[in-house]
**Q** 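Sending over a structure as structure tokens; questions will come in a sec.
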Amino acid sequence: MSKERNVRTLDEYMRYDVREKVKSIVESFPSEDRLRSTKVEKALRSWTMGEVVNNNEEVEGYLLDVRYDGRLNRAVAFIVREDGRMARWIDRTDHRPYFLTSATPEDLQRLGLSSEDSERILQMDIVSKFHSIRREKVRLTKIIVNDPLAVRRLRSILGDKGFKFWEADIRYHHNYIFDNLLVPGMRYRAGKRMERVGWDIDPTFLSSVMSITAGESKEYSDMAKELAFLFEQRPPRVKRAAIDVEVYTPEAGKVPDPAKAPYPVVSIALADNEGRVKVLALYREKVKLGGEIPKEVTEVEIFDSERAMLLELMRELERYPVVLTFNGDAFDLPYLYNRMLSLGIEDLYIPIEVHEDMITFRHSLHVDLHKFFSIKALQVYAFGGSYRELRLDSVAEVLLGVGKVKLDEIVSRVSLSKLIEYNARDAMITRDLTTFSNDLVWNLIIMVMRISKLGLEDVTRHQVSAWIRGLMNWEHRRRGWLIPSREELSAGEARSRAMIKDKRYRGAIVLNPPTGLFFNVAVLDYASLYPSIVKNWNLSYETIENPRCGERKKIPEVGYEVCTDIRGITSEIVGLLREFRVKIYKKRAKDSSLPEEQRRWYDTVQSALKVYINASYGVFGNEAFPFYSLPVAESVTAIGRTVLTDTLRVASERSLYIIYGDTDSIFVWDPKKEDLEFLVKYVADMYGLELELDKKFKVVLFGGLKKNYIGVTEKGEVVIKGMVGKKSSTPEFIKNEFKKVVQVLGELEDPESAYRVLEKIRERLLEMYKKVKNRGYTLDELAIRVMLSKDPEKYKKTTPQHVKAARMLQAEGINVTRGNIISYVKTKDSVGVKPVSLAKLSEVDVSKYVEHMRTTFEQMLESFGLEWEEITGQRSLDKILGSHE
DNA sequence: AAATTCGCGTCAGATT
DNA sequence: AATCTGACGCGAA
């Protein structure tokens with residue numbers, strides 16, 4: 001199939017250059033000031049602004065974000081319409097930035113503000129808010145100002161004079177969302193104001209939701225009702241394009257500085273979620289055209305002018321409400337922006353907005369997937385820790401199972417067709433990261449937007465604490481509660497001592513496991529223990545150590561007092577999210593009577609909830625979190641310890657033999673069913689917690705080390721925890737052999753079978769020995785892969801091996817930064833390490849690898865009560881080692 | 001801008 | 001030269 005190749009010269013291109021058209025319109029107005037007028041706005045909208053909804057028009061669609069527009073000095077809602085276009089609805093309610101203060105209007109008068117500062121104040125109102133800690137209504141002055149920056153200025157003036165202020169550090173566009181109780185990701189009709197549309201719910205479903213709130217407060221059931229809508233409304237399918245930019249570089253491995261944008265952009269690929277893949281490429285005389293272009297690439301345009309190419313890209317992007325990149329904040333977008341500036345394109349005509357920590361488009365939203373996939377809570381709870389390195393090809397390989405197109409030469413010298421193929425592939429992969437498994441990632445983002453009340457651009461750029469903060473702030477506003485200031489939250493000294501130095505408070509208990517093989521082991525755990533504790537013990541910043549409490553009870557071990565007369569807000573929020581997940585959506589995700597598509601959505605709902613729930617304890621122990629409360633965090637772990645200890649006590653009274661336990665789990669050796677049932681009932685009655693049977697192991701191997709065991713389930717499935725043989729940094733050949741040996745463990749049936757299994761293991765290990773000795777493994781298999789947690793030059797105290805290797809790479813001119821995984825091998829020279837890419841097999845220090853093998857397998861052999869030498873045979877070991885010493 | 005603590009193995013570098 | 005301690009990375013929960 002021959003590809004239609006559209007080669008266009010600059011002259012031809014300029015005939016429909018929208019930029020020129022826009023320019024002429026702008027020039028017809030007398031002064032720059034007039035640019036703010038509606039007429040010019042309208043004229044510019046298709047190019048520099050995107051579509052703006054007229055004052056008398058209504059727009060309906062999904063709210064994806066809210067932004068403060070500095071030129072309009074108003075909040076702007078980004079609403080994606082049915083036809084797939086992004087509409088920008090400018091606030092018509094005259095909402096303005098503000099903050100709250102203890103200073104009265106008279107106080108302000110007396111202060112004698114400068115005329116400039118006075119002008120910044122539009123209005124002062126006396127407002128009444130509920131103070132959650134003081135448990136009473138308070139009257140405060142609401143200072144309404146003309147500009148978000150004025151909040152910062154006035155707050156510092158008032159602060160200097162000793163007045164208190166609240167809610168002054170909430171970003172304006174967030175205030176807009178919270179005050180209007182908007183839910184990003186949901187459907188709205190925007191006319192005079194934003195109205196909810198299509199928030200429908202099945203009445204029988206709603207009543208089943210309400211049943212989980214039985215016996216709870218009014219606030220609790222109100223929240224439940226609100227949330228149910230968010231989980232039930234199907235996610236919008238939004239048109240989006242991924243782009244990827246290729247830049248000429250004179251040297252391989254050197255990424256040009258986007259702030260300077262010194263070299264030409266040679267190719268840009270765009271891949272949308274409707275199958276369109278377009279590449280815009282620059283014609284260069286010295287570059288071969290090359291051969292065929294893959295079928296997936298639907299359009300190619302070759303330009304002889306870089307400027308025209310970039311402008312055409314901007315025009316193309318205007319059709320998309322959402323643009324995806326991988327690393328666009330740090331590279332692609334600033335490069336495009338600065339490159340266009342240096343090519344003489346005026347700022348006004350570049351529809352890119354540069355912000356402090358992000359960069360986006362004037363008329364559409366930008367999702368930088370590099371930022372999104374670096375959200376740690378997602379890595380762990382949504383993607384199971386599957387990818388380690390935050391590079392496009394690493395993430396894509398794990399999640400999509402595809403690799404990059406291999407280039408034999410650097411981008412600058414490869415043939416044009418090859419460059420197009422390579423470029424297109426990256427854009428497609430970027431797009432696919434949001435579309436795979438039926439839009440899994442996109443739907444997850446939408447769900448998190450709805451729970452957190454943050455827009456698309458915030459949700460995809462901030463860690464889980466920002467998500468939880470958003471939800472907390474929104475709920476405070478909904479209730480008419482004052483958002484407390486940091487000083488009002490009780491911090492104080494920790495009352496428990498951590499086990500590890502440099503930690504602030506004590507965490508969980510880990511029992512010391514025995515050594516040996518244990519047949520028939522039941523593993524029980526408390527269903528989401530920490531969130532349940534937060535709920536059952538009414539833990540919240542305003543219910544702990546609050547002198548205004550009516551009734552109270554003491555928290556064990558740490559002795560904090562918690563209110564029992566009024567429900568705490570965090571306790572209610574965390575409790576509710578947990579109930580939704582456990583009682584409704586986990587079940588519905590597996591309900592085979594529901595259509596497939598619906599089940600998948602419910603699975604996304606429950607996994608979004610999971611991320612929230614699992615992070616909801618940790619954030620309270622994080623000082624940067626606005627609702628940071630050491631007593632809350634400390635109480636959670638203290639209660640956890642007490643519950644576990646007490647469960648152990650009751651278990652031993654029933655003659656249950658507990659061999660191990662960690663935080664929220666207990667391993668019971670050969671239990672009687674009725675004893676387990678007793679224990680479960682005890683925990684439910686005593687603490688209101690659900691102790692559940694998590695797994696049944698045919699056999700568990702313990703080597704006497706905490707967080708370290710191998711379990712074989714009844715199906716012969718092997719569960720490995722903490723062992724060196726499983727760690728990502730362990731050389732591949734050891735991991736592979738370890739996997740094989742562990743498979744043999746699956747054959748363990750009873751104590752007698754252990755001998756047969758051991759014999760097999762011994763054979764495997766000996767074989768492996770010989771192979772290492774003969775250098776039978778490749779360099780890649782021998783590589784130790786460790787991540788640089790900081791830039792190489794930032795290691796001051798010691799120089800770990802992977803840093804040594806990293807510096808050797810730097811010396812070769814290879815760019816190495818924080819987050820890179822360094823592959824190195826151990827060598828016989830005085831340094832002892834070398835990056836894989838620079839090493840030869842003959843340089844490898846075999847004895848070091850033998851040691852590595854020894855520790856790996858000793859962790860396992862320990863449980864058999866055996867030493868390494870015993871299983872491998874002392875004599876043969878000596879022979880093998882001897883030949884290398 | 002950032003969820004927490006507990007625990008293991010490896011190595012660097014200092015101390016004896 | 002042997003031993004101890006802390007930094008570091010990775011994992012469990």
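Naming: A, B, ... by sequence-line order, numbering from 1 per chain. Computation of the quantities below employed the complete heavy-atom set of this structure, encompassing side-chain atoms and omitting hydrogens, waters and symmetry-equivalent molecules. Note that the structure is predicted; figures quoted are calculated from it, not measured.
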**Q** Are A:Y68 and A:H173 an aromatic pair by the rule of ring centers under 6.0 Å?
**A**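 So the answer is no for these two rings.
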
**Q** Let's see if you can work this out: which of B:dA3, B:dC6, B:dA1 has an atom nearest to the side-chain heavy atoms of A:M499?
**A**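 Of the candidates, B:dC6 comes closest.
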
**Q** If you assign each of A:F625 and A:K804 to its closest nucleotide in DNA chain B, which residue comes earlier from the 5' end?
**A**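 Nearest nucleotide further toward 5': that of A:F625.
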
**Q** Could you write out each protein N or O paired with an N or O of nucleotides 2-8 of chain C at a distance under 3.5 Å?
**A**
{"residue": "C:dC8", "atom": "OP1", "partner": "A:K790", "partner atom": "NZ", "Å": "3.1"}

**Q** Less than 4.0 angstrom between a side-chain N/O of A:R641 and OP1 or OP2 of B:dT5, yes or no?
**A**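 For B:dT5, OP1/OP2 do not have a side-chain N/O of A:R641 under 4.0 Å.
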
**Q** Ignoring backbone atoms, test whether A:Y660 places a side-chain nitrogen or oxygen under 4.0 Å from the OP1 or OP2 oxygen of C:dA12.
**A**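 Answer is no, no contact under 4.0 Å.
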
**Q** Between C:dC10, B:dA3, C:dA12, which nucleotide has the shortest distance from any of its atoms to the side chain of A:K726?
**A**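 Of the candidates, C:dA12 comes closest.
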
**Q** Phosphate oxygens OP1/OP2 of B:dT5: is one of them under 4.0 Å from a side-chain N or O of A:R504?
**A**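 So the side chain of A:R504 is within the cut-off, an N or O lying under 4.0 Å from OP1 or OP2 of B:dT5.
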
**Q** Does the side chain to side chain donor-acceptor pair (under 3.5 Å) test come out yes or no for A:Y530 and A:N614, once each step is laid out?
**A** CA-CA 8 Å; A:Y530 285 2; A:N614 283 325; over 6 Å; no

**Q** Contact class for A:A633 (heavy atom, under 4.0 Å): base, sugar-phosphate, or nothing?
**A**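 Nothing, no heavy atom under 4.0 Å.
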
**Q** Give the C-alpha distance, both sets of side-chain angles, the deciding distance and a yes or no for side chain to side chain donor-acceptor pair (under 3.5 Å) between A:S540 and A:E542.
**A** CA-CA 5 Å; A:S540 194; A:E542 84 281 18; 2.6 Å; yes

**Q** Considering just the side-chain nitrogens and oxygens of A:K707, establish if one lies under 4.0 Å of OP1 or OP2 belonging to B:dG7.
**A**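 Checking B:dG7 against A:K707, no side-chain N or O comes under 4.0 Å of OP1 or OP2.
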
**Q** Quick check: do A:V521 and A:V699 have side-chain heavy atoms less than 4.5 Å from each other?
**A**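 With C-beta onward as the side chain, the pair stays apart.
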
**Q** Which is true for A:R388 with a 4.0 Å heavy-atom rule: it touches a base, it touches only sugar-phosphate, or it touches nothing?
**A**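 Sugar-phosphate only.
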
**Q** From B:dA2, C:dA13, B:dG7, pick the nucleotide closest to the side chain of A:D662?
**A**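 Looking only at side-chain atoms, A:D662 lies closest to C:dA13.
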
**Q** From the options B:dA2, C:dC10, B:dC6, select the nucleotide whose nearest atom is closest to the side chain of A:R506.
**A**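 Among B:dA2, C:dC10, B:dC6, the one nearest the side chain of A:R506 is B:dC6.
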
**Q** I'd like to know if the side chain of A:T325 pairs up with that of A:H366 as donor and acceptor (distance under 3.5 Å, no hydrogens or angles considered).
**A**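 Yes, A:H366 and A:T325 have a side-chain donor paired with an acceptor closer than 3.5 Å.
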
**Q** Can you tell me if A:K721 touches the phosphate of C:dA13, counting only side-chain N or O atoms and a distance under 4.0 Å to OP1 or OP2?
**A**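 Yes, A:K721 has a side-chain N/O under 4.0 Å of OP1/OP2 on C:dA13.
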
**Q** Can a side chain N or O of A:Q801 be found less than 4.0 Å away from OP1 or OP2 on B:dT10?
**A**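 No, outside the criterion.
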
**Q** Is the centre of the A:F627 ring less than 6.0 Å from the centre of the A:H476 ring?
**A**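 Judged by ring-centre distance (under 6.0 Å), A:F627 and A:H476 do meet the cut-off.
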
**Q** Please tell me if A:T855 has a side-chain N or O lying less than 4.0 Å from either OP1 or OP2 of B:dT10.
**A**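 Indeed, a polar side-chain atom of A:T855 lies that close.
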
**Q** Describe the nucleic acid contact of A:D357 in one word from base, sugar-phosphate, nothing, applying a heavy-atom distance below 4.0 Å.
**A**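 Result for A:D357 = sugar-phosphate.
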
**Q** Counting just side-chain N and O atoms, does A:S728 come under 4.0 Å of either OP1 or OP2 of C:dG11?
**A**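 For A:S728, the contact criterion (side-chain N or O under 4.0 Å from OP1 or OP2 of C:dG11) is met.
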
**Q** OP1, OP2 of C:dG9 versus side-chain N and O of A:S729: anything below 4.0 Å?
**A**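 Checking A:S729 against C:dG9: no side-chain N or O falls below 4.0 Å of OP1 or OP2.
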
**Q** Name the closest nucleotide to the A:Y505 side chain, picking from B:dT5, B:dG13, B:dC6.
**A**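 Among the listed nucleotides, the one closest to the side chain of A:Y505 is B:dT5.
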
**Q** Given C:dA13, B:dC6, B:dA2, identify the nucleotide with an atom nearest to the side chain of A:I500.
**A**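 Of all the options, the side chain of A:I500 is nearest to B:dC6.
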
**Q** Name the nucleic acid region contacted by A:Q859, choosing base, sugar-phosphate or nothing; use a 4.0 angstrom heavy-atom cut-off, strictly under.
**A**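 The answer is sugar-phosphate, as A:Q859 gets under 4.0 Å only of primed atoms, P, OP1 or OP2.
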
**Q** For A:A377, which contact category applies under a 4.0 Å heavy-atom criterion: base, sugar-phosphate, or nothing?
**A**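 Since no nucleic acid heavy atom lies under 4.0 Å of A:A377, the category is nothing.
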
**Q** Examine A:F620 together with A:Y541 and report whether their ring centres are nearer than 6.0 Å.
**A**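 No, ring centres 6.0 Å or more apart.
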
**Q** Map every base of DNA chain B to its dot-bracket character, where paired means a Watson-Crick or G-U wobble contact with both distances under 3.5 Å and | marks a partner outside the strand.
**A** ...|||||||||||||

**Q** In this structure, is the centre-to-centre distance between the rings of A:F518 and A:Y660 below 6.0 Å?
**A**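 They do not qualify: ring centres at least 6.0 Å apart.
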
